[in-house]
Amino acid sequence: MTTDGFTTCLWFDGQAEEAAHLYVSIFKNSSIGEVARYPEGALQPAGSVMTVEFTANGHKFLALNGGPQFKFTEAVSFMIFCADQEEIDYYWTKLTENGGEPGPCGWLKDKYGLSWQVVPDRLQEMITDPDPAKAARVTTAFMAMSKFDIATLDKAYAGE
């Protein structure tokens, strides 16, 4: 893993390798990198996975098995901008299955408790439209949603 740009470190309690493989299986342009193991005398059992480098959707991550001290919160989330409903449905399904939880307004938590926002790529354009009525209708529509429904947002934007 190079040091160009940023690498996001995700803290897990024993699931770092499993999580890295899950994320790599969901996103294109993804791969697993080096795996480091805890040595004798470390805070975790010798030989257990300490870190896993991985790339998901072209972004660099380091999954760390740090222990139970820290948990994910909604204070940090990853946004996935989707071109169409099929893409929204795909990511929503993959990230909520096997213990994930749907949330409001396009947010969800995966089975590890990591928060994601699965949103249409044109949502920002809609809610910042110079016509305040259009922006308000779209905002009202998405505030009532869990998983985004692009057709409903398009209708709200058009005033239908």
Contacts of Lys94 meeting side chain to side chain donor-acceptor pair (under 3.5 Å) (sequence neighbours excluded), chain-then-number -> none
In short, Ile88 meets Val119 closest at the heavy-atom pair CD1-C, 4.3 Å
Taken in chain and number order and not counting sequence neighbours, the residues that satisfy side chain to side chain donor-acceptor pair (under 3.5 Å) with Glu101 are none
Across all chains, not counting sequence neighbours, the salt bridge (Lys or Arg N to Asp or Glu O under 4.0 Å) partners of Lys147 are Asp89
Hits for salt bridge (Lys or Arg N to Asp or Glu O under 4.0 Å) against Lys155, two or more places apart or cross-chain, chain-then-number order -> none
For residues Met143 and Ile150: do they belong to one hydrophobic cluster (side chain heavy atoms under 4.5 Å, members Ile, Leu, Val, Met, Phe, Trp, Tyr)?
yes
Contacts of Lys134 meeting salt bridge (Lys or Arg N to Asp or Glu O under 4.0 Å) (sequence neighbours excluded), chain-then-number -> none
Margin query: So Thr7 and Cys9, do their side chains get closer than 4.5 Å, heavy atoms only?
Written below: no
For residues 19-31, the salt bridge (charged side-chain N to carboxylate O under 4.0 Å, His left out) pairs (sequence neighbours left out) are none
Tracing side-chain contacts under 4.5 Å among Ile, Leu, Val, Met, Phe, Trp and Tyr outward from Met50 reaches Trp11, Tyr38, Leu64, Phe70
- Check: Asn57/Tyr23 side-chain N/O donor and acceptor closer than 3.5 Å: no
When every non-hydrogen atom of Leu153 is compared with those of Pro120, the smallest separation belongs to CD1-CG, 3.8 Å
Would you mind writing out the side-chain donor-acceptor pairs for residues 111-118 within the sub-3.5 Å range, not counting sequence neighbours?
{"residue": "Lys111", "atom": "NZ", "partner": "Glu18", "partner atom": "OE2", "Å": "3.3"}
{"residue": "Tyr112", "atom": "OH", "partner": "Glu18", "partner atom": "OE2", "Å": "2.7"}
{"residue": "Trp116", "atom": "NE1", "partner": "Asp110", "partner atom": "OD2", "Å": "3.0"}
{"residue": "Gln117", "atom": "OE1", "partner": "Trp107", "partner atom": "NE1", "Å": "3.4"}
{"residue": "Gln117", "atom": "NE2", "partner": "Ser77", "partner atom": "OG", "Å": "2.8"}

CD1 (Ile127) and CZ (Arg137) are apart, to the nearest 0.5 Å, by 14.5 Å
So the salt bridge (charged side-chain N to carboxylate O under 4.0 Å, His left out) pairs with at least one residue in residues 37-52 (sequence neighbours excluded) are none
Residue set satisfying side chain to side chain donor-acceptor pair (under 3.5 Å) with Asp154, at least two apart, ordered chain then number -> Arg122
Is any side-chain heavy atom of Val35 closer than 4.5 Å to a side-chain heavy atom of Val49?
yes
Tightest non-hydrogen contact, residues Pro132 and Pro130, listed as CD-O, 3.0 Å
By side chain to side chain donor-acceptor pair (under 3.5 Å), Thr152 pairs with (sequence neighbours left out) Asp149
Do the side chains of Phe72 and Leu10 get nearer than 4.5 Å, heavy atoms only?
yes
Those residues at least two apart in sequence (or on a different chain) that pass salt bridge (Lys or Arg N to Asp or Glu O under 4.0 Å) with Glu87 are none
(message) Counting the benzene-type ring for Trp, do Phe61 and Phe6 have ring centres under 6.0 Å apart?
(response) no
